Structure formats: structure tokens, C-alpha cells
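The shown structure was predicted, so the numbers you read here are calculated from the model rather than taken from an experiment.
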Amino acid sequence: MAKNLLIVESPAKAKTIEGYLGKDFLVKSSYGHIRDLVKTDDAIDVNNNFNQKYEVPADKKSLVSELKKLAKEAETVWLASDEDREGEAISWHLFETLGLKEDKTKRIVFHEITKPAILKAIENPRQINYNLVNAQQARRVLDRLVGFELSPVLWRKVKPSLSAGRVQSVAVRLIVEREREINKFKATAAYKVTAIFSTGKQKELFRAELPERFEEEAAATKFLEDCKKAVYQIASLETRPTKRSPAPPFTTSTLQQEASRKLGYSVSRTMSIAQKLYEHGHITYMRTDSVNLSDTALNAASAEINSAYGSKYHQLRKFKTKAAGAQEAHEAIRPTYFEQHTIEGDASEKRLYDLIWKRAIASQMSEAQFEKTTAKITITGRTENFVANGEVMKFDGFLKVYMESTDEETEASVDEDNANAILPPLAQGQTLTAQEIKATERFSRPPARYTEASLVKKLEELGIGRPSTYAPTISTVQNRGYVVKEEREGKQRQFNQLTLVSGELKKEVKTETTGAEKGKLFPTDIGAVVNDFLVQYFKGIVDYHFTASVEKQFDEIAHGLKEWTEMLKSFYSPFHQEVETTIQTAEKARGERDLGVDPESGKRVSVRIGRFGPFVQIGDTPENEGEEKPRFASLRSGQMIETISLEEALELFKLPKKVGSYEDKDMTVAIGRFGPYIRHNSAFYSLPKGLDPHDVTEEQAIEIIEDKRKKDSEKLIKVFEENPEVKILNGRWGPYIEFGKQNVKIPKGKEPKDLTFEEVKALAEAAEKEPKKGGKKFAAKKK
DNA sequence: CAGTGAGCGAGCTTCCGCTTGACTT
């Protein structure tokens with residue numbers, strides 16, 4: 001039996017530490033918090049110093065009794081949860097729940113999982129810091145009070161099952177307000193002038209740009225006209241050295257951002273891949289807000305850089321965390337072994353590891369050095385100058401391994417920006433020939449919609465949420481239906497382009513797509529209505545600085561400068577009063593908006609939120625029996641109550657429409673919540689993109705139906721004579737059995753074609769008997 | 001998935017932060 005029981009939060013960490021400590025230590029994990037407030041409304045007694053009722057959740061019961069037993073047998077229990085507010089509370093909960101004795105318990109902390117760090121921690125034990133525990137209690141209680149008092153207000157005043165909270169409600173607010181900024185935005189156009197110059201020598205072409213833009217077409221035309229007879233000369237040539245430094249190693253939020261930009265992973269995907277890398281011992285802990293590297297790591301990185309690239313590529317760097325409210329209980333995310341350039345694993349694990357390795361290594365490498373050349377080119381007859389920029393890399397430094405990307409990168413590349421190309425040898429006073437000069441109409445861009453990752457970045461900047469909650473928060477706001485992550489089609493827009501080639505001026509009207517989005521976060525109507533409600537009645541809670549201001553007070557509690565129940569009292573009494581007042585005075589919020597009158601029928605048209613989502617109503621609700629009933633239509637994906645126009649709303653009533661018949665059955669075209677479709681003999685056929693549902697002809701409809709049937713038959717592997725309802729189909733993830741309404745996966749090793757009806761029936765029955773436990777839980781959570 | 005759409009009322013929902021699994025038509 002071990003003399004010492006040491007408890008950490010994570011099982012992977014426990015395994016590593018056990019290896020460092022030897023036989024006298026048994027290292028176990030608490031798997032995070034071991035108890036939480038009871039789920040009911042009586043968890044906090046607000047009239048009795050915010051006294052809390054805690055319980056060990058069902059799935060932690062056996063773990064807790066195991067730890068209790070081991071603790072009893074041990075001479076000393078070492079509480080080694082993380083050194084932050086939550087970690088301190090975990091230690092305290094362990095102390096209370098396991099029934100530990102003060103003289104047999106020691107609290108230790110370390111920021112890095114290295115042998116010396118842990119041995120040093122063991123030599124310097126302390127007691128539980130109750131100020132820190134109180135700060136955590138204040139945080140926990142405040143969040144519960146806010147969440148469990150605000151949500152019921154929404155149930156009464158907006159819709160059942162909705163939720164509100166200190167973190168999620170601000171996330172929704174950011175998205176709603178950004179959408180409104182975009183809707184409000186008016187693009188302005190201006191002509192941007194670029195030129196391609198030649199030195200006269202073959203292949204020596206380079207680009208230059210006019211820093212000024214012309215707002216009017218006439219001014220741009222005049223400029224190009226003047227260029228026809230102009231002489232171009234290099235007036236000045238300036239070369240200066242520039243340098244670029246590497247970014248710090250990853251934190252949770254920067255990893256999520258970079259994996260989203262470079263690998264296209266959602267934040268939750270990134271986290272689950274990182275979790276695997278961590279469990280396999282490839283990387284350090286992935287939920288961290290620190291950019292700090294341990295001395296061990298700094299030495300290992302240095303050794304690796306020196307041996308792989310040479311000492312001139314190495315530069316020791318220590319980064320400082322900038323994020324508000326960072327608690328820095330862990331190191332930055334880095335490879336455990338820098339000498340491992342690649343790892344075993346699936347493709348996604350390899351790619352994420354590669355990113356983490358490069359970023360961490362690059363952070364310890366020297367600056368990249370450039371020589372930047374700027375040439376100013378005069379135009380006779382004009383006061384403006386063309387400017388050409390060139391950049392030559394003199395030393396690659398950290399760029400040898402890693403280049404950070406930016407959010408604007410994809411946008412800018414559309415703009416065919418002159419990305420600091422290399423200039424040919426130039427001399428001051430040299431004259432140039434203009435091969436081509438172009439004035440292109442460019443539009444100003446509205447603020448960018450949030451992606452999952454850029455939302456995390458914004459939340460982190462505001463100090464809202466923690467590394468462990470960024471991904472869940474993004475799921476919550478989507479699961480509640482406040483936000484959707486979508487792809488939306490853009491609109492076509494025309495722009496002018498004036499081109500001067502060989503002394504000839506030519507005007508073209510071109511088209512471009514604007515506003516097309518992929519994987520961006522859009523607010524829903526319910527998200528907007530809930531947000532407006534909260535902003536109106538609970539301005540303080542959804543204020544962008546609310547978290548920062550309570551965090552400041554939690555810090556004071558943690559430093560023993562403030563009493564935690566006093567802090568909660570001064571927060572709770574005005575807050576609770578607001579809740580009471582709102583319940584009594586606020587109207588039910590339905591987001592209703594009047595669109596005016598239908599010019600054809602003279603009936604009123606309005607939009608609002610109904611049981612099945614937003615819809616348009618034409619005609620008033622009748623007051624007496626026998627009066628004409630109003631008609632209804634659902635809004636389409638992408639349409640919102642606050643932006644839909646009267647014309648768009650009326651358009652929704654032109655469908656469903658008969659387009660002809662096929663096999664003696666009518667074909668109707670209509671628009672559902674998920675886009676236009678054809679209905680035929682109780683089956684649905686989606687319309688291909690780009691086909692206007694109003695113009696579908698009988699022939700097109702038949703073609704769509706036949707095409708879908710053909711595709712379905714290609715998926716078919718086998719039908720059973722015994723029961724034609726039972727089929728084997730080729731699905732997205734391989735063959736599966738369609739057994740009535742049930743779909744059953746075919747076990748590995750079976751050839752789908754050879755399955756008999758009996759075998760298939762047995763598989764389906766077995767699958768039905770065995771309910772998918774985790775699946776149901778997950779589905780329930782989603783709802 | 002998709003065509004609908006009253007209002008009532010019982011009984012339900014809900015927070016944030018710390019951790020992993022078991023789940024995947």
C-alpha cells in the first residue's frame with residue numbers, strides 16, 4: 001500500500017507524474033470537479049449568506065468512494081489540483097468530500113509537468129487557500145443566480161426552454177450586433193489604380209499602385225487620359241531593412257483560431273484532436289491561457305533548433321500573457337518532445353501536431369530579416385506618383401518553419417493585392433514604360449461576420465469565458481437556436497474597370513460576387529429577440545464589461561480584500577429586484593414587425609415568431625366567426641424578421657404552385673424552411689441550387705424527379721423479396737441496412753451483398769434492443 | 001426535416017467551469 005496519495009485533475013497528468021515519483025506515491029485523478037451545486041432552485045439560500053447545497057453527481061459517485069477509501073489508507077494526501085481559482089476549489093471539495101484531516105493533508109501546486117517541478121512542489125507544501133476558494137464560490141454562485149433567475153424570465157416572456165447566462169448572452173449579443181452593423185453598412189466605391197511597368201529589358205515587369213483613389217469615374221478617366229502621353233520616371237528609390245518576429249506559442253484560443261484558418265477545423269474538432277494528442281503524451285495540456293514555456297521546454301527547443309537548423313536560427317524568447325483575466329495554471333501548448341517532428345496518428349492528429357510543433361519551435365527562433373524597397377514613380381502632367389514596393393528576404397529565421405496567418409488573408413487575396421513581390425534592379429532617374437494601367441472600381445467592405453474562432457478571440461479579449469468553455473459556449477448558443485453556422489450565397493454586383501493598353505482606353509463592366517459566406521455565425525430571429533429583451537431589461541448583465549468588473553471583485557476576494565458574501569449581496573439585491581420588476585411589467589416579446597399593406601389585396605402584412613419559427617401573416621386575425629382567415633408562410637433560411645421586405649414577404653405566398661403532373665400525380669413546387677422542393681406522390685425532391693422555384697417547368701420537374709430516382713437506385717445494393725421495405729444501401733459512411741424506419745450499420749467483415757434476410761432481421765432486432773446510450777444522452781443535450 | 005401557426009395549463013426547461021468517455025446516420 002502506498003504511503004502517499006496524490007490527486008491531480010487529469011488522468012493523463014496522473015500517469016506522467018506517477019512515473020516521476022516512484023513506489024511511495026499513488027497518483028490518482030479527480031477528473032475535474034467532483035461535486036457541484038444541486039440542480040434544483042434551492043441550491044443557494046440567498047437569505048442565509050448564500051449558503052450552498054452541493055452534491056456528488058451520479059457519474060462521480062464510484063470515483064469519490066474509491067478516492068475516499070484510498071485516502072483513508074494513506075499516510076498523507078497531497079492535493080495537487082491546478083493553481084488557479086477552480087483548482088483551489090477542487091482541492092477544497094476533495095478535502096470536504098473525502099473527509100480529509102488537516103494534519104494528514106498537503107496542498108501543492110506546479111505549473112509544468114516536469115520531474116524537478118514536481119519534486120520542488122512536494123518540498124514546499126502549503127494549506128488550502130480559503131480566500132481563493134471563496135473567490136471561486138462567489139463566481140459559481142453568481143453564475144448560478146444569473147442563469148437560473150434570468151432563464152425563467154425568458155420562459156415567461158419569450159419562449160420556454162430558452163437560456164441566458166453571463167457568458168452565452170454576451171456571445172449572442174456580439175453576433176446580433178455585428179449582423180446589424182453589416183445590415184446598416186453602405187458600401188462606397190472608389191477607383192483604385194494599378195500599373196504594370198517595364199524597364200525595357202525582357203521579363204523585367206513589376207507592379208505599382210497609386211496611393212490615391214478616385215471617387216468619380218470621370219476623375220479616373222481623366223487620369224488615364226493624362227497617362228496616355230505621360231513619361232514615367234523613378235524619382236526616388238529607398239531601401240531599408242525590416243524584420244518580423246515569431247508569434248508566441250499557442251494558447252487554447254490561438255490554437256483554435258489558427259487551426260480554423262489553416263486547417264478549417266471547428267473549435268470543437270480542434271479541441272477533441274488536441275485531447276487525443278495530449279492523452280498520447282504528444283503535447284502539453286491543451287486548455288491553457290498561458291504563453292509561458294518551462295525552462296525544460298526552452299532548453300529542449302534550443303537544442304532542437306541548434307541541431308536541426310544551426311545556432312543562428314535560435315533565439316531565446318519569453319512571452320508575456322496579454323489576455324485579460326488569465327490565470328496561467330499551465331504552460332503554453334507545446335510538443336512534449338521537441339525532437340519529435342512528426343507523430344503517429346490519423347491525418348488530423350498529424351496536421352494539428354505539426355501546427356503545434358512549428359508554432360512552438362518558431363517562437364524560439366530568430367527574426368526574419370528583409371530588405372524593403374520603395375520606388376516612387378513620377379507621372380508627367382500629374383501630381384500623383386505611382387509607388388512600387390518590393391521585399392527581398394535576407395534571412396528566413398523563424399519563417400523557415402512557420403508563418404502565422406491572419407483573418408484578413410483570404411479577403412485580401414481576392415483583391416489581388418501586390419503582395420510585396422520582388423522588384424527588378426532599378427535606378428534613380430530611370431524612365432519606364434507602362435505596359436498597362438488599370439483603374440478598377442472597388443467597394444468598401446462591411447465588418448466581417450464572426451467565425452467560431454474569431455468569436456473565441458473576441459470573448460477572450462473581453463475576458464469572458466475560459467479555455468475549457470470556449471468550445472462548449474459556441475455549441476450552447478447554436479443548440480439554443482440563437483445562432484446558426486451557415487453558408488450563404490452572395491449577390492452579384494457590377495463594377496467598372498478602365499484599362500489603358502498601348503495608348504488605348506477601354507471600359508468594361510464586370511461582375512463579382514459579394515457577401516458570400518461560408519462557416520460564419522448568423523443570429524436567428526429568436527437570438528435577436530432574446531438579445532433585445534436582455535439588453536432592454538438587464539443591461540448590466542449583458543454589458544461587455546460585466547465579466548471584467550466582477551472578475552476584479554473576485555480578485556479582491558482572492559486577495560482577502562473583500563468578503564465574498566458582501567460582494568454577492570451588493571450584486572444580488574438590485575439584480576433580483578430587476579428580475580421581479582421585469583416579470584411584472586415586461587410585455588411578451590414576439591419580435592413582431594409590420595411590413596405595411598399588400599398593394600393587391602389591401603390586407604395588412606406582418607412578421608413574427610411563432611411556434612415553428614418566424615413566419616409572415618397576411619390579413620388580420622378574425623374577430624368574428626365567418627370572417628376571412630389570414631394566410632401564413634414560413635420565412636426561408638437566410639431571411640430575418642428585421643430585414644425582410646414587403647416584396648420578399650409577399651413572394652412567399654406565390655408558392656406552393658402546381659407545375660404539372662407525372663405518373664398521374666400532381667407535382668407541386670414549394671419553399672420549405674430548408675429551401676425549395678418539389679412534392680410528388682408524398683415524396684420530396686430538393687431543387688438544384690440556382691433554379692428559381694417560381695419558373696420551374698413541368699419538364700424540369702420531371703427531370704429532377706427522375707434524376708433523384710436514378711441516384712437513389714445507384715445507392716441500392718440489394719432489396720429483399722421477403723420484404724421490399726428492407727434494403728441495403730450505400731451511404732455516406734459505407735453500406736447500411738434500411739429496415740423500415742430504422743437504419744442499421746453493417747458490421748465489419750460482412751459482405752453486404754451476401755447477407756440473407758434472416759441475418760439482416762437479426763441485426764436490426766439486435767440494434768433495436770440495444771439502445772444507443774451515449775447517443776441518446778447527446779441528442780437530449782442538443783434539444 | 002419540409003404542407004402548420006389560438007390559448008390554456010401541467011410539467012418541463014436553465015448557469016459556468018473543471019474533467020473524460022462513448023457516441024456517430
5' priority, DNA chain B, between A/Leu162 and A/Ile90 [closest heavy atom]: A/Leu162

Relative to the 5' end of DNA chain B, which residue comes earlier, A/Val167 or A/Tyr685, by the nucleotide with the nearest heavy atom? A/Tyr685

Quick one: is [X] getting a side-chain N or O under 4.0 Å of the [N] phosphate, OP1 or OP2?
X        : N      : answer
A/Tyr285 : B/dT19 : yes
A/Gln275 : B/dT20 : yes
A/Arg287 : B/dT20 : yes
A/Ser468 : B/dC18 : yes
A/Arg35  : B/dC18 : no

For [X], report the nucleic acid contact type (base, sugar-phosphate, nothing); a contact means any heavy atom under 4.0 Å.
X        : result
A/Pro472 : nothing
A/Gln617 : nothing
A/Thr469 : base
A/Tyr470 : nothing
A/Val146 : nothing
A/Glu279 : sugar-phosphate
A/Gly32  : base
A/Arg679 : base
A/Ala164 : sugar-phosphate
A/Gly465 : sugar-phosphate

Pairing of DNA chain B as dot-bracket, 5' to 3': ( ) intra-strand, [ ] crossing, | other strand, . unpaired, with Watson-Crick or G-U pairs under 3.5 Å? .........................

Rounded to the Å, how far apart are [X] [atom1] and [N] [atom2]?
X        : N      : atom1 : atom2 : value
A/His680 : B/dA2  : NE2   : C1'   : 17 Å
A/His576 : B/dC15 : NE2   : P     : 20 Å
A/Met271 : B/dC18 : CE    : C1'   : 12 Å
A/Arg480 : B/dC16 : CZ    : P     : 9 Å
A/Leu277 : B/dT20 : CG    : P     : 13 Å

So, does A/Thr252 use its side chain to make a donor-acceptor pair with the main chain of A/Thr288 at under 3.5 Å? yes

Taking the six-membered ring of A/Trp92 (Phe, Tyr or Trp), confirm whether the NZ or CZ of A/Arg85 is under 6.0 Å from its centre and within 45° of its axis. no

With no angle test and no hydrogens, is the base of [N] tied to the side chain of [X] by a donor-acceptor pair under 3.5 Å?
X        : N      : result
A/Ser163 : B/dT14 : no
A/Arg466 : B/dC16 : no
A/Ser634 : B/dG3  : no
A/Arg144 : B/dC16 : no

Going by the rule side-chain contact (heavy atoms from CB on, under 4.5 Å), which residues pair with A/His280 if we only count those two or more places apart in sequence or in a different chain? A/His282, A/Glu349

In whole angstrom, give me the gap between the C1' atoms of B/dT13 and B/dG9. 16 Å

Is A/Trp155 stacked on the base of B/dT13 when the test is centres under 5.5 angstrom and planes under 30 degrees? yes

Aromatic stack A/Phe148/B/dT14: centroid gap under 5.5 Å, interplanar angle under 30°: yes

Does a side-chain N-to-carboxylate-O contact under 4.0 Å join A/Arg287 and A/Asp82? no

Note: A/Arg466-A/Glu86 ion pair, threshold 4.0 Å (strictly below): no

Which heavy atom in A/Arg166 sits nearest to a heavy atom in A/Val550, and how many Å separate them? CD-CG2, 4.5 Å

Distance in Å, A/Arg173 CZ paired with A/Ser169 OG, rounded so as to fall on 0.5 Å steps: 10.5 Å

Relative to each other, are the rings of A/Phe533 and A/Tyr537 parallel, tilted or perpendicular (30° and 60° limits)? tilted

Look at the aromatic rings of A/His680 and A/Tyr685 and report parallel, tilted or perpendicular, splitting at 30° and 60°. tilted

